[in-house]
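Keep in mind that the numbers below use all heavy atoms, side chains included, and drop hydrogens, waters and symmetry copies. Proteins come first, then strands; the chains are lettered A, B, ... in the order of their sequence lines, and each starts at number 1. From a predicted model like this one, the values you see are computed outputs, not experimental measurements.
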There are 2 protein chains.
Amino acid sequence: MRRMIRRPTHPGNIIKEDYLLPLSITIKDMADTLGVSRKTLSKIINEKGAITPDMALRLSRAFDTTPDLWLSLQKNYDLWQAEHVSKAWQTVKPISPQLLHHQG
Amino acid sequence: MRRMIRRPTHPGNIIKEDYLLPLSITIKDMADTLGVSRKTLSKIINEKGAITPDMALRLSRAFDTTPDLWLSLQKNYDLWQAEHVSKAWQTVKPISPQLLHHQG
DNA sequence: ACAAGCGTAACCCAAAAGGTTACATTTGTG
DNA sequence: CACAAATGTAACCTTTTGGGTTACGCTTGT
């Protein structure tokens with residue numbers, strides 16, 4: 001199976017580079033628009049906070065996108081992190097292919 | 001944009017219906033294989049717990065799938081829930097299309 | 001009848017999201 | 001230069017959630 005080679009872009013980076021900067025919207029104003037605190041948005045922009053399902057819905061309304069876009073970005077980011085910060089999951093022993101791909 | 005009409009299948013349901021039952025693997029044994037407690041897996045199977053990135057990695061090794069499969073199922077489930085359990089996000093006012101789709 | 005599997009409650013710990021307030025720094029503009 | 005606005009972030013609080021252990025009662029198969 002295909003694995004992600006490099007660290008996926010954090011959704012906060014997309015918000016900043018693709019929306020706030022081009023549109024000259026401040027974090028403060030954007031936070032107000034989204035109905036969250038400045039702190040909450042600031043943390044996301046600075047890649048210290050995650051996109052929750054609720055935040056994905058808010059972003060989708062503000063930016064006219066699917067909420068799935070934002071949640072998928074976060075999912076990919078989280079997965080990459082989990083894959084690299086800990087190796088404990090690698091100790092899981094695969095179920096034997098015979099059993100797994102048994103017909104019937 | 002396309003919205004999910006009905007409640008997405010919970011990943012716990014997939015684990016149960018597509019793996020444990022067909023392969024006659026008990027929750028207890030599966031929990032041991034995954035290296036988690038019986039409680040943790042039981043909660044997921046009974047749709048009272050979520051697939052974390054770490055759990056997605058463990059499942060991917062045990063069942064020879066991508067971890068993304070499991071996290072995507074969870075993402076879709078979470079999104080549907082967030083969309084339906086609260087309506088607060090609907091109060092977010094979209095950024096004006098003129099500004100949003102402004103050229104340059 | 002008995003052992004195994006199971007759901008779940010109780011209890012504990014740690015992490016994370018989100019809010020408010022506050023402070024120091026940076027930055028743009030008059 | 002001076003001042004206001006924006007920003008990152010710390011401190012503090014609450015709530016939620018994941019995960020572990022132990023234990024109890026129920027169900028089921030042998």
In degrees rounded to 10°, what angle is found between the helical axes fit to the five outermost pairs at each end of the helix from C:dA1-D:dT30 to C:dG30-D:dC1?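 The end axes of the helix from C:dA1-D:dT30 to C:dG30-D:dC1 are about 30° apart, to the nearest 10°.
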Main chain of A:Gln90, side chain of B:Arg61: is a donor-acceptor contact present, judged purely on distance under 3.5 Å? yes
Without swapping roles, check the side chain of A:His10 against the backbone of A:Gly49 for a donor-acceptor pair under 3.5 Å.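 Yes, because the side chain of A:His10 sits within donor-acceptor range (under 3.5 Å) of the backbone of A:Gly49.
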Under the rule for side-chain hydrogen bond (donor to acceptor under 3.5 Å, both in side chains), what residues qualify as partners of A:Gln81, not counting sequence neighbours? A:Tyr77
Go along nucleotides 8-25 of chain C 5' to 3' and tag each nucleotide: B for a protein heavy atom under 4.0 Å from its base, S when only backbone or sugar atoms are that close, - otherwise. B--------SBBB-B---
Only distances under 3.5 Å count here; give the side-chain donor-acceptor pairs of residues 31-47 of chain A to other protein atoms, sequence neighbours excluded, each with its distance to 0.1 Å.
unit_1  : atom_1 : unit_2  : atom_2 : d
A:Thr33 : OG1    : A:Asp29 : O      : 3.1
A:Ser37 : OG     : A:Thr40 : N      : 3.2
A:Ser37 : OG     : A:Thr40 : OG1    : 3.1
A:Ser42 : OG     : A:Asn46 : ND2    : 3.4
A:Asn46 : ND2    : A:Ser42 : O      : 2.8

With sequence neighbours excluded, what pairs up with B:His84 under the ring pair (Phe, Tyr, Trp, His ring centres under 6.0 Å) test?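 By the ring pair (Phe, Tyr, Trp, His ring centres under 6.0 Å) rule, B:His84 matches B:Trp80.
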Excluding sequence neighbours, so at least two apart, what forms ring pair (Phe, Tyr, Trp, His ring centres under 6.0 Å) with A:Tyr19?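 Ring pair (Phe, Tyr, Trp, His ring centres under 6.0 Å) check on A:Tyr19 returns A:Phe63, A:Trp70.
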Do B:Thr26 and B:Met30 have side chains that get closer than 4.5 Å, going by heavy atoms? no
Set of residues satisfying side chain to side chain contact (heavy atoms under 4.5 Å, CB included) with respect to A:Ala82, sequence neighbours excluded: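 Partners of A:Ala82 by the side chain to side chain contact (heavy atoms under 4.5 Å, CB included) criterion, ordered by chain and then number, come out as B:Pro53, B:Leu57.
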Applying side chain to side chain contact (heavy atoms under 4.5 Å, CB included), name anything that partners A:Asp68, two or more places apart in sequence or on another chain. A:Thr66, A:Ser72, B:Lys75, B:Asn76, B:Leu79
Could you pull out the closest heavy-atom pair between A:Pro11 and A:Gln74, with the gap in Å?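 A:Pro11 and A:Gln74 have their closest heavy atoms at CG-OE1, 3.2 Å.
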Which residues, if any, of residues 8-16 of chain A bring a heavy atom under 4.0 Å of DNA chain C?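 Within this stretch, nothing sits under 4.0 Å of the strand.
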What pairs with B:Asp78 under salt bridge (Lys or Arg N to Asp or Glu O under 4.0 Å), at least two apart in sequence or on another chain? none
Segment of DNA chain D, first to last nucleotide, that comes within the 4.0 Å heavy-atom reach of chain B: D:dG18 to D:dA23
Filter on ring pair (Phe, Tyr, Trp, His ring centres under 6.0 Å), then keep only pairs touching residues 23-53 of chain A, sequence neighbours left out; what's left?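 For residues 23-53 of chain A: none.
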